[in-house]
Amino acid sequence: MLFASFDLVSALATLAACLVSLTLLLAVSQQLWQLRWAGGRKAPTPAGLRGERGSCFQSSRREKYGNVFKTHLLGRPLVRVTGAENVRKILMGEHHLVTREWVFSKIFSHEALESYLPKIQLVIKDTLRAWSSDPEPINVYHEAQKLTFRMAIRVLLGFRIPDEELGRLFEVYQQFVENVFSLPVDLPFSGYRRGIRARETLQKGLEKAIQEKLQNTQGKDYADALDILIESGKEHGKELTMQELKDGTLELIFAAYATTASASTSLIMQLLKHPRVLEKLREELRSKGILHNGCICEGSLRLDTINGLQYLDCVIKEVLRLFTPISGGYRTVLQTFELDGFQIPKGWSVMYSIRDTHDTAPVFKDVDVFDPDRFGQGRSEDKDGRFHYLPFGGGVRTCLGKHLAKLFLKALAIELASTSRFELATRTFPKITLVPVVHPVDGLKVKFFGLDSNQNEILTGTDAMLGATV
Ligand code: HEM
């Protein structure tokens, strides 16, 4: 009995000694490892970074090293990077993917945008009319998703799908998006299975629309993005297969959909919160002869006119600064390099953070305040270094649709300021959630009313009328 308890005591003592030694060993190794990282090695150029997107971001363990965070992305080390200088280093070290850029530069060229503009206006006008004629408040985020989906299908892809079919396709698309990042476990009723089914249905719908479009080229007055994609394939001696066309189509919808819907919702929420901003916007539209007696003057909206509206530009910039839809971009490290005094080994993932960079940029005064004038003449807070402000990312994988996105948001703001009156349908403004993109938790409930010329006259100017209804 006595021997048995001695055995137990000595076993416990040995175990404790082992644990202490192991802990010491780990502490010393960690110290050495950090010394090795921080030790003044010659910094390699960050030319080994390539634009390669990661999937869902798993934030399990985080160690903070100044502006460089270490965490994990599905088991692989992931470094999260903040701050203009670090972000610049990441984004300027990427390889060029010239062909892809060339195709997209045609899709989003000045001429292409000019030809999309009347269609964009039409889609927005129809949508606002429907919102205003609904006796109930609408869920802005949900409706903005529908609106951007319709814009992508009708304007970018030029599909002539009837409204009812478009509605069905939208439901399927939402199912696909909701399940796209599910765990790949193929069981009945699993998210993964639902996602696969939705993708198949979507691909069938897209194939039908593409086939109809290929057969029916008569009566088209402009080349949409899909036409350009098909033509550029032919110019390079490579006719795109149906699969490539479907994938390209889906990629465009995917890139445009959630981001633009998020920004549209944030825009509407900020216009509701800041009636003076909306009034200043109306003043600018009036002074440029665009808004007259509550109507947009016929033929007044050209691309150059819209690009010349400086206050409108400031408003959109500020919405995208404070409510940046995408939190950051992922890259894979192809060659070990040094960042902020630490070595980032080959094979790791790097996420450059857009949101944190905006939140900590020293160039922005009162960083949490919605203040479009910070981008106006005289202040131009974004002029010092372009990596402080990057809602569309940067480097060679910068957002290819950024000009289209801005044009869409500007057209929406013009239409809202000119032809709508809208008020918050809840007592207080909702909280904001950041995933998967920035949006209000309740979607933002708003009642829309049409704005005829008389109402517009009544609303001009006076402070007393600038309440929560705008
Ligand atoms: C407000 C709306 C939008 C925002 C905030 C936004 C933002 C971004 C960001 C941050 C990236 C990633 C850059 C990176 O990985 O470093 C990106 C990529 C991309 N965006 Fe957008 N985007 C918007 C709308 C659009 C629209 C309307 C389209 C076109 C239909 C579009 C097409 C693309 C494409 C094709 C890429 C991939 C670029 C590549 O990988 O080479 N985006 N966007």
Side-chain angles (χ1 to χ4, degrees), residues 49-55 57 80-81 87-109 112-113 116 119-120 123 144-145 147-158 224-226 228-229 247-268 315-332 349-358 386-387 389-413 434 436-439:
L49 289 171
R50 179 181 64 192
E52 191 178 279
R53 196 123 331 145
S55 51
F57 173 67
R80 192 152 174 257
V81 174
V87 167
R88 187 193 64 76
K89 207 166 175 183
I90 299 292
L91 294 179
M92 295 320 283
E94 298 173 82
H95 291 311
H96 278 265
L97 298 162
V98 177
T99 322
R100 187 183 155 84
E101 265 197 359
W102 181 82
V103 173
F104 277 96
S105 71
K106 276 186 120 182
I107 291 178
F108 300 117
S109 67
L113 291 183
Y116 303 155
K119 321 280 180 232
I120 292 178
V123 169
Q145 287 177 324
L147 169 60
T148 49
F149 184 76
R150 189 175 300 152
M151 191 272 290
I153 293 282
R154 290 255 159 88
V155 181
L156 265 185
L157 305 170
D224 55 56
L226 194 56
I228 297 172
L229 208 64
D247 289 345
T249 306
L250 209 54
E251 188 184 347
L252 272 180
I253 303 174
F254 196 72
Y257 166 79
T259 47
T260 317
S262 159
S264 306
T265 309
S266 302
L267 169 71
I268 293 175
V315 172
I316 301 302
K317 271 187 173 164
E318 183 64 341
V319 167
L320 293 173
R321 181 191 72 84
L322 207 50
F323 302 93
T324 177
I326 293 193
S327 58
Y330 293 89
R331 301 292 185 271
T332 299
S349 298
V350 180
M351 184 236 195
Y352 72 93
S353 175
I354 298 176
R355 189 166 301 127
D356 293 353
T357 299
H358 285 183
R386 61 193 165 115
F387 290 98
Y389 179 72
L390 42 133
F392 295 105
V396 291
R397 300 218 77 159
T398 185
C399 174
L400 295 167
K402 60 185 168 194
H403 298 301
L404 175 71
K406 283 181 87 171
L407 179 63
F408 177 85
L409 292 169
K410 287 179 179 181
L412 177 62
L434 304 180
V437 286
V438 168
H439 68 277

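Each ligand, and each atom within it, is numbered from 1 in the order the structure gives.
- By the side-chain contact (heavy atoms from CB on, under 4.5 Å) test, Ala258 is found to be paired with Val437, residues two or more places apart in sequence or in another chain being considered.
- Under the 4.0 angstrom criterion for non-hydrogen atoms, Ile253 is not in contact with ligand 1.
- At least one side-chain heavy atom of Val438 sits under 4.5 Å from a side-chain heavy atom of Leu434.
- Those atoms of ligand 1 that come under 4.0 Å of a heavy atom in Pro391, given as number and element, are 5 (C), 7 (C), 10 (C).
- Around atom 18 (C) of ligand 1, the closest heavy atom drawn from Ser264, Gly393, Cys399, Gly401 belongs to Cys399.
- Scanning both residues, Pro325 and Leu320, for their nearest heavy atoms gives CD-CD2, 4.1 Å.
- Between Tyr330 and ligand 1, no pair of N/O atoms sits closer than 3.5 Å.
- Between atom 38 (C) of ligand 1 and the options Thr398, Ile107, Leu407, the minimum heavy-atom separation is to Thr398.
- The residue Met151 has no part lying near ligand 1, judged by heavy-atom distances below 4.0 Å.
- Of the options Val155, Leu400, Ile354, the smallest heavy-atom separation from atom 10 (C) of ligand 1 is shown by Ile354.
- Within the listing of ligand 1, atoms 5 (C) sit less than 4.0 angstrom from a heavy atom of Pro325.
- If you look at Tyr352 next to ligand 1, the close heavy atoms, those under 4.0 Å, all belong to the side chain.
- Heavy-atom contacts of Leu156 reach the following atoms of ligand 1: 30 (C) (cutoff under 4.0 Å).
- Only one option out of Leu404, Ile107, Ile120 pairs with Leu113 in a side chain to side chain contact (heavy atoms under 4.5 Å, CB included); it is Leu404.
- The shortest distance between side-chain heavy atoms of Phe108 and Leu156 falls below 4.5 Å.
- Taking the six-membered ring where the residue is Trp, His358 and Tyr389 present parallel rings, their angle staying beneath 30° rather than reaching 60°.
- When Leu147, Leu412, Thr148 are each tested for a side chain to side chain contact (heavy atoms under 4.5 Å, CB included) with Val123, only one passes: Leu147.
- Of the N or O atoms in Arg331, one or more lie within a sub-3.5 Å distance of an N or O in ligand 1.
- Closest approach of Asp224 and Val155 over heavy atoms only: CB-O, 3.5 Å.
- Residue contacts with ligand 1 include Phe108, since one of its heavy atoms falls under 4.0 Å from the ligand.
- Under 4.0 Å from ligand 1, heavy atoms of Ala255 appear from its side chain as well as its backbone.
- Scanning all heavy atoms of the two residues, the minimum distance from Gly394 to Tyr352 falls at N-OH, 3.8 Å.
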